[in-house]
Amino acid sequence: MTSPIKAIFGTFFHAPTPDALVVLADTLITIGHDGMIADVVPPDAPGQASAMAAFGDALVRLPAGTFAIPGFVDLHVHAPQYPQLGLALDEPLEIWLQKYTFPLEARYADLAFARERYEVLVDDLIANGTTTALYFATQDREATKLLADICIDKGQRALVGKVVMDDPAACPDYYRDAGPDQAIADTRAVIDHLRNHPDNASARVLPVVTPRFIPSCTDETLGRLGALASECGCHIQTHCSESDWAHGHVLTRLGVTDAEALDGFGLLTRHAVLAHSNFLTDTDMDRLAARGSAVAHCALSNVYFANSVFPLRHALEKHVHVGLGTDISGGPASSMFEACRTTVQSSRILQDGVDPALPASERGRANSRVDLVTAFHLATAGGGVALDLPIGILAPGYKFDLVAIDTTVRDGSIRLFDLSDPKAIFEKTIYGAARANIAAVWIDGATIISGKPG
Ligand code: GUN
Ligand code: FE
């Protein structure tokens, strides 16, 4: 470990496990050259004061009323769909893709069009506290490299995939890989681009093998992508059993569930993230748990496109890795605070049920609810486990990716009044925070946004 070069003092919240909020009050966190947390020094540790003094100007003090949390990990973002956020929510998935989404994504082959929109997206996500994002880019190779370059330039931790979609039966002529050879060659080109990038020596931005979903890909391409991911040791992302239609399509075409089919193609690995996964069977969940593959739970998007609520609590009890995603633009909100809120809300709806004509005992699914701490854990530490990256927890050996939230700004939306209980402050903060409350963001030890603290 390198010796620490800077430090931050204040009160921090994190949730290393799903069921306990940890409050680090009046704590000193020291940071090394490598962007890692070197030490977490509590107030009762001998030498905290002298350690603080030694940092001089390299010590940031969070002001009264400002608290910090690990940066959010958004496990599912369609970067090119950002202009569509809050639009086009009136059709089911299979029509939405053809009518709205493919035409928009195809426009990103124009790199000037892409740059303008991708830069705004990455800026906005960082300003909202998303320090790590797992991005679907588009089918276009060069525009995918551009998104990766923008993440490198702006300092975000990101995983970026060229979207593979080569089945002529499902993808329009104007927006499709020419065939398996091109799909594989272009995916490989993006992997090489990121691995050889002179400004990405720390691999803060990683390539991802990204079959859009089984319905958009040929069997040959899916198998070859599984082999490529294994050869290159890359992350994998795709959609799995999202809606009745998507789930049924795979069952009809391949005679097995989405998860079983992905496994057969070599796409269920420890580094695979499956978006949605609403219709996983118990056997599918056991399969994901055995492989160490993760679900990106997109609670808000599921309201619009998934025909059901993901049984989150059940998946956690079956030891499936789960993190949260916004699914921009299937979910019409880009903030991970919002993803935490919707995760709690949709779990309550699943537990209680929705049809008032039914008796309460038949209306819902028992033992489904999760609380805000669990949602926050999934949005931070859970995302880190899903990606197998040392992020989302404030402890030595984890990356210093941090968001400072100022609860006092008049333009913000948190009003604590006379609250002093840290757990109550945490709840009001996660439920209430807006972009205006985010005072500072650090990623990989670097200051990306600096506001009031200091
Ligand atoms: N399934 C395949 N592509 C997509 C997409 O862009 N968004 C969502 N929500 N589901 C998908
Ligand atoms: Fe999606």
Side-chain angles (χ1 to χ4, degrees), residues 74-108 121 133-140 143-144 147 159-167 169-172 175-177 208-218 221-222 225 236-250 253 258-259 261-262 267 272-279 294-310 323-334 336 339 342 346 386:
D74 189 336
L75 272 194
H76 190 50
V77 182
H78 292 274
Q81 295 176 21
Y82 195 40
Q84 190 168 269
L85 190 81
L87 284 178
L89 295 164
D90 58 332
E91 298 281 12
L93 177 63
E94 61 277 24
I95 296 175
W96 174 84
L97 286 170
Q98 304 285 344
K99 180 172 166 185
Y100 302 118
T101 303
F102 293 161
L104 172 60
E105 292 191 7
R107 298 188 69 185
Y108 281 71
L121 170 70
L134 176 54
Y135 286 116
F136 278 62
T138 63
Q139 180 273 332
D140 187 78
T144 302
L147 173 61
L159 301 93
V160 179
K162 177 215 126 46
V163 176
V164 170
M165 38 196 292
D166 74 323
D167 189 343
C171 310
Y175 189 52
R176 187 176 71 224
D177 290 301
V208 191
V209 167
T210 307
R212 182 168 207 121
F213 62 160
I214 288 179
S216 69
C217 297
T218 59
T221 292
L222 290 163
L225 287 174
I236 296 166
Q237 61 182 342
T238 190
H239 297 84
C240 176
S241 290
E242 175 176 0
S243 67
D244 286 314
W245 167 78
H247 182 63
H249 176 106
V250 179
R253 176 171 135 195
D258 226 327
L262 290 169
L267 292 165
V273 177
L274 314 183
H276 308 284
S277 306
N278 289 59
F279 293 95
V295 171
H297 173 40
C298 306
L300 183 58
S301 171
N302 287 346
V303 173
Y304 293 91
F305 293 106
N307 313 119
S308 66
V309 173
F310 174 65
L324 303 188
T326 56
D327 192 27
I328 293 167
S329 66
S334 58
M336 287 296 287
T342 322
S346 70

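Every value quoted in this text rests on a predicted model; they were computed, and no experiment measured them. Atoms within a ligand are numbered from 1 in the order they appear, just like the ligands themselves.
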- Item | atom 3 (N) of ligand 1 [closest protein heavy-atom partner, distance rounded to 0.1 Å] |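 Scanning the protein heavy atoms, the shortest distance from atom 3 (N) of ligand 1 goes to R212 NE, 2.8 Å.
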
- Query: Nearest protein heavy-atom contact for atom 10 (N) of ligand 1: which residue, which atom, what distance?
  - Reply: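 Ranking protein heavy atoms by distance from atom 10 (N) of ligand 1, first comes E242 OE1, 2.7 Å.
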
Looking at the Fe ion (ligand 2), is one of the N, O or S atoms of [X] less than 2.8 Å from it?
X	answer
H239	yes
D327	yes
H76	yes

- Query: Any non-hydrogen atom of F213 lying under 4.0 Å from ligand 1?
  - Reply: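 F213 counts as a contact of ligand 1 under the 4.0 Å cut-off.
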
- Item | Any F136 heavy atom less than 4.0 Å from ligand 1 |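 It does not, in that no heavy atom of F136 comes within the 4.0 Å cut-off of ligand 1.
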
- Are the charged groups of D177 and K162 less than 4.0 angstrom apart, N to O?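 Judged by the 4.0 Å cut-off on N to carboxylate O distance, D177 and K162 do form a salt bridge.
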
- Using a strict 4.0 Å threshold on nitrogen-to-oxygen distance, state whether R212 and E105 make a salt bridge.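 Looking at R212 and E105, the cut-off is met.
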
- Query: If we only count N/O pairs under 3.5 Å, is T101 in contact with ligand 1?
  - Reply: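 Checking ligand 1 against T101, no N or O pair falls under 3.5 Å apart.
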
- Task: Go through ligand 1 atom by atom and flag the ones less than 4.0 Å from a non-hydrogen atom of L97.
- Result: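 Ligand 1 atoms under the 4.0 Å threshold to L97: 3 (N), 4 (C), 5 (C), 6 (O).
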
- Query: Which atoms of ligand 1 sit under 4.0 Å from any heavy atom of L93?
  - Reply: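 By the 4.0 Å cutoff, the relevant atoms are 8 (C), 10 (N), 11 (C).
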
Gap between atom [atom2] of [Y] and atom [atom1] of [X] - 0.5 Å precision:
X	Y	atom1	atom2	result
I214	T238	CD1	OG1	7.0 Å
L300	T326	CG	OG1	9.0 Å
F279	C240	CZ	SG	11.5 Å

- What class does the angle between the rings of H239 and F213 fall in, given that below 30° is parallel, 30 to 60° is tilted and above 60° is perpendicular?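 Because their plane-to-plane angle is over 60°, the rings of H239 and F213 count as perpendicular.
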
- Query: Can you tell if the side chain of D327 reaches within under 4.5 Å of the side chain of V77, non-hydrogen atoms only?
  - Reply: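 D327 vs V77: side chains apart.
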
- Task: Please state which part of W96 comes within less than 4.0 Å of ligand 1, counting heavy atoms only: side chain, backbone, both or neither.
- Result: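 Just the side chain.
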
- Query: Between H76 and H276, is the ring centre distance below 6.0 Å?
  - Reply: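 So the answer is yes for these two rings.
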
